[in-house]
Participant: 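Provided herewith is a single structure, encoded as structure tokens, for subsequent inquiry.
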Amino acid sequence: MKPIRTRFAPSPTGYMHIGGMRTALFNWLFAKHHGGVFVLRIDDTDRARNMDQALRPILQSFRWLGLDWDEGPGVEGDFGPYFQSQRDELYSHACEELLKQGKAFRDFTLPEQSKAERESAEKEKRNYLNNRNDQHLSEEDIQSRISNGDKYVIRFLVPRDTDEKIVIDDAVRGRVEFDPTQMPDPVIMRGDGTPLYNFACVIDDAKMQISHVIRAEEHLSNTPIQAMLYDALGYERPVFAHIPYVAAPGGKEKLSKRKLDKYRKSPQFKKLFDAADFVFPLINLENTGELDPVMVEYYEKIGYLPAGLLNALSRLGWSLDDQTEIMSLDTIAKNFSLERVIKSAAGFDPDKLLSFQAHWMGELSAEQKQAGCIPYLKQAGLINDEQEQSNQLEQIIAAIGERFVLFSDILKFNEFFVADEELEFDPKAFKKRIVKPEQAKSLLDALAEHLQNSQAESTEDFDQVVHDFVEKQEIQIGQIIHALRVAVTGKGAGVGMFDAMAILGTESCIKRIRIAIAHNLE
RNA sequence: GGCCCCAUCGUCUAGCCUGGCCUAGGACACCGGAUUUUCAGUCCGAUAACGGGGGUUCAAAUCCCCCUGGGGUCACCA
């Protein structure tokens, strides 16, 4: 049996697409499951200048998620180079071979003309086929036109004189057939000698001995061309597996960065955008506005766990059985198979992602949670280096408990980090719990007095003290606790009331109550 | 429009290949109840799907055909 080798071939676009990441994950999973090799190859035939800058975020996403590559940038192997821009010779050599064998031809048709032909075919509702006028040009004609400066491209000659169908035996979709007589001859090389995707891809996959080409469904229509190229070049075809693409939440349309404006309005997506709008400005990210939920970086920067994202991504189009939802990367790799990949597109569900995330966050130790949220606190200017190790932070995180889902969630609890006089009151909550109830302010005043005479320190102490107060005043706890919460934390909801008081301490509580009493709503 | 793919709860999916155990299972979301000072959580519970039509068969979510619907792709992009 041939060694299992899979690959993911991103082009350096400056960000990592979440759907692309899912494709990469499946490739990685398949390789790991079979003890094979996962190759990262860079499709940079476009020759972008800022290659380095455009590639870095992509590699960073792989590193963050722990999807290591066995060959690729920075990891030399036997099949390099792993940048297409460094593999020109391979392509031109293969191309010459095809030319020599009459399996390709130089086409001097002007691009404008090809375009016109295609458009008129479409207008007449006809399948478009390129003209083959230049197929039988003599060597002299070709040479003279070239020296004349005429531009040309090289087209692969699709074998149309056959009634054989091109059959793809796809590992997830089964048998798929295409009719070669309906297919235009694809351009494989530009006049300047640079290869086109379908060509470079075949050469690279073949030379790198990729055994399984696992990619998203949108490549299915490229597959017959590639299959013919494999055949023409005398390469053995790999196993193709076309996995469903990742769809936008609440629909079947492919998730696309071009539709961001639409997503912003989508109810399913709203939470993710709202979170970004809240968190990123606070932590002063330079590229705040450029991070969106289509990019993997978004999830990293906003404080998701690799385990959470990976778990969610793995369940898009794949399942282990009829029960298991929570899986570590190890478990997934151990159980992954192409047979359990489904055929229909899978909508990305932010809610489900969040529930996976919540689970994996819950698995973290107190120290790990603390370490994860410290960068957010620091960048938001809420703590300095000395406060970093304080056991108060530990106490706060413990009090937040299950409310702590993303690392950036710590920023929602800024009441524990700001000075008393800088505490901001949520206007709605303030109005509802302090302005509106008639007795609120006088009760708060009395409570501050009561607190003054107590030596409460622990959560239990505060519980006791507040209940004593309630008894003395002959009121229900509900009559004071809401106002107290707003006064002390500025918010209508949060951690347990007495936890909050214990964290802040008597002095702060009293101070905040007094400030609240004096506070006027604008 | 040509070519190709897809079709089970709102969503992600199990079941389909190898018909009967499916009165269609799980998860997320939603709704209700309990607990709690609030929110979250937790625990209980509820609602919720085989797109339609024909076949084949004793029996169809499962096999076949048609329709409908959705989507992908049609570059000298990747």
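Below, read A as the first sequence line, B as the second, and so on, with proteins coming before strands; counting in each chain starts at 1.
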Participant: Searching all strands shown, indicate the nucleotide that pairs with B:G2 (Watson-Crick or G-U wobble; both distances under 3.5 Å).
Facilitator: B:U73
Participant: At 4.0 Å (heavy atoms only), tell me whether A:Asn198 reaches a base, stays on the sugar-phosphate, or touches nothing.
Facilitator: nothing
Participant: Using modelled atom types only, decide if a donor and an acceptor are shared between the side chain of A:Asn311 and the backbone of A:Met327 within a distance under 3.5 Å.
Facilitator: yes
Participant: Under 4.0 Å, counting only non-hydrogen atoms across every strand here, what does A:Glu124 touch: a base, just sugar-phosphate, or nothing?
Facilitator: nothing
Participant: Could you identify the nucleotide paired to B:A60, looking across every strand shown and requiring Watson-Crick or G-U wobble geometry with both distances under 3.5 Å?
Facilitator: none
Participant: Does a side-chain N or O from A:Lys412 land closer than 4.0 Å to OP1 or OP2 of B:A40, or not?
Facilitator: no
Participant: With a distance cut-off below 6.0 Å to the six-membered ring centre and an angular limit of 45° from the axis, does A:Lys257 pair with A:Tyr15 as a cation-pi contact?
Facilitator: yes
Participant: Taking only residues two or more places apart in sequence, or in another chain, which ones meet A:Trp318 in a ring-ring contact (aromatic ring centres under 6.0 Å, His included)?
Facilitator: A:Phe336
Participant: Return the pairing partner of B:A7 with a 3.5 Å limit on both distances, Watson-Crick or G-U wobble; otherwise return none.
Facilitator: B:U68
Participant: Take nucleotides 6-13 of chain B nucleotide by nucleotide from the 5' end and write B, S or -, depending on whether a protein heavy atom sits under 4.0 Å from the base, only from the sugar-phosphate, or from neither.
Facilitator: SS---SBS
Participant: What is the pairing partner of B:G32, taking Watson-Crick or G-U wobble pairs with both distances under 3.5 Å in any strand?
Facilitator: B:C44
Participant: Look at the aromatic rings of A:Trp69 and A:Phe62 and report parallel, tilted or perpendicular, splitting at 30° and 60°.
Facilitator: perpendicular
Participant: Pick base, sugar-phosphate or nothing for A:Leu110, based on heavy-atom distances below 4.0 Å to the nucleic acid.
Facilitator: base
Participant: Answer yes or no for A:Arg145 and A:Phe108: cation-pi contact, defined as NZ/CZ to six-membered ring centre under 6.0 Å and angle to ring axis within 45°.
Facilitator: yes
Participant: Applying a 4.0 Å non-hydrogen cut-off, can you work out what A:Thr489 is touching in the nucleic acid: base, sugar-phosphate, or nothing?
Facilitator: nothing
